[in-house]
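Data first, discussion second: the structure below is written as structure tokens.
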Amino acid sequence: MRKLYGVLFLSLGTVLMASALTGCAGGGSDGRRIVRIGHNQATDHPTHVALLEFESYVESKLGDKYDIEVYPSELLGSQTDMVQLTQTGAIDFCVASNSILETFSDNYTLFNMPYLFTSSEAYHDSMDDEAITGPIFDSTKKAGFEAVTWIDAGTRNFYTVSTPIQSPADLKGLKIRVQQSPTNVEMMRLLGGSATPMGFGEVYTALQSKIIDGAENNEMALTSNGHGDVCKYYSYDMHQMIPDILIGNCAFLDGLPQEEREVFEEGFAVVNQVERAEWTNAVEAAKEKAENEQGVQFLYPDTAPFQEICVSMHQTLLEQYPDLKPFYDAIQVHNQEHMQNTEGGT
């Protein structure tokens with residue numbers, strides 16, 4: 001059945017992509033401007049739920065002018081494909097992993113650093129800090145797109161088909177799918193695994209056919225994307241907290257009249273708020289389902305050995321990209337604030 005769905009999605013995706021490429025700037029039969037948004041998650045994922053709320057919000061304000069269409073599950077192509085389609089204006093928005101955006105702007109390398117944030121609270125405060133995110137989000141404008149909001153993607157951890165990961169030594173010789181990012185490839189090299197970059201939509205088949213031994217992602221990948229059907233060990237090494245980013249085509253955004261742009265900006269805030277509200281409950285539900293229905297075993301290794309191996313990447317990053325140091329330092333302030341709050345019991 002999964003193979004059949006894959007064929008159907010591929011066929012539908014081809015049709016939709018052709019439609020997007022040939023009619024992206026045109027209106028529908030009712031004269032409204034069609035606004036296409038693509039992402040790679042399933043329809044029960046918080047990202048999709050949040051984008052549907054965006055659709056409802058914008059259409060409640062501007063429904064006589066815009067028809068928002070949300071395409072889940074890579075129906076418009078892989079994340080890399082969708083970023084390129086957004087860049088050219090073939091589609092208007094897409095959700096992209098920060099790791100993919102690293103290939104368009106070195107500034108995004110910062111958020112890919114393993115163990116950059118000391119807690120979820122510090123991560124959220126840093127991403128909400130416009131002094132940090134503003135310049136980074138604007139850094140791809142020359143490429144034709146810009147970030148309009150960030151989306152919580154939780155903590156990334158290793159999960160494997162048959163090898164429990166209790167220490168970095170357990171990764172030796174394992175082929176682990178990583179996002180298509182130089183930083184992630186280097187992280188795996190340091191940890192002793194073999195990095196295998198590939199699109200997210202290819203991961204299930206690669207795990208099933210044992211082309212790869214595991215992957216790294218948040219808990220939702222186990223259930224929404226079925227990876228827990230194959231992988232039976234999920235290890236909380238907590239190596240990254242990487243946001244997903246909603247990006248928009250600059251020509252479309254810049255062409256909006258001021259009052260309409262304000263409605264879209266309000267809609268972007270809705271995406272962020274709804275997705276974050278949905279995330280915690282979705283993760284808990286995913287863990288329960290993975291453990292009780294899919295037979296996934298959750299492991300809690302000491303994260304210190306993983307951190308010690310990866311910490312050298314921080315200094316290398318700052319030496320290679322010295323312009324990122326003010327943003328890095330600002331994140332450390334948020335880290336320190338939350339560490340003090342924890343120590344103080346507040």
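Quick note: residue numbers are just sequence positions, from 1. Values below: every heavy atom of this structure, side chains too, minus hydrogens, waters and symmetry copies.
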Inset, instruction - Starting at OG1 of Thr80, measure out to CD of Glu74 and round the result to the nearest 0.5 Å. - result: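 Thr80 atom OG1 to Glu74 atom CD measures 9.0 Å (nearest 0.5 Å).
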Inset, instruction - Starting at CG of Leu101, measure out to CD1 of Ile242 and round the result to the nearest 0.5 Å. - result: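 So the gap between those two atoms works out to 11.0 Å.
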[X] versus [Y]: any side-chain heavy-atom pair under 4.5 Å?
X      : Y      : result
Gln297 : Lys232 : no
Asp67  : Arg33  : no
Leu110 : Leu317 : yes
Phe137 : Ile247 : no

Has the side chain of [X] got a donor or acceptor atom that lies under 3.5 Å from a matching backbone atom of [Y]?
X      : Y      : answer
Thr109 : Asp106 : yes
Asp92  : Arg36  : yes
Arg276 : Ile151 : no
Ser224 : Ala221 : no
Asp125 : Ala122 : no
Thr149 : Ala269 : no
Ser235 : Ile165 : yes
Thr205 : Glu202 : no

Assess, by modelled atom type and distance only, whether the side chains of [X] and [Y] contain a donor and an acceptor separated by less than 3.5 Å.
X      : Y      : answer
Trp150 : Asp128 : yes
Tyr234 : Asn157 : yes
Tyr328 : His314 : yes
Gln240 : Asn184 : yes
Ser181 : Glu102 : yes
Ser126 : Asp129 : no
Gln336 : Gln332 : no
Asn335 : Thr118 : yes
Asn249 : Thr86  : no
Gln307 : Thr303 : yes
Asp213 : Thr160 : no
Glu69  : Tyr71  : yes
His227 : Asn225 : no

Parallel, tilted or perpendicular: ring planes of [X] versus [Y], cut at 30 and 60 degrees:
X      : Y      : value
His48  : His39  : tilted
Phe93  : Phe252 : perpendicular
Phe117 : Phe111 : parallel
Tyr300 : Tyr236 : parallel

Legend entry - Pairs satisfying side chain to side chain donor-acceptor pair (under 3.5 Å), at least one member in residues 49-64, at least two apart: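 Every pair satisfying side chain to side chain donor-acceptor pair (under 3.5 Å) with a residue in residues 49-64: Tyr57-Glu266.
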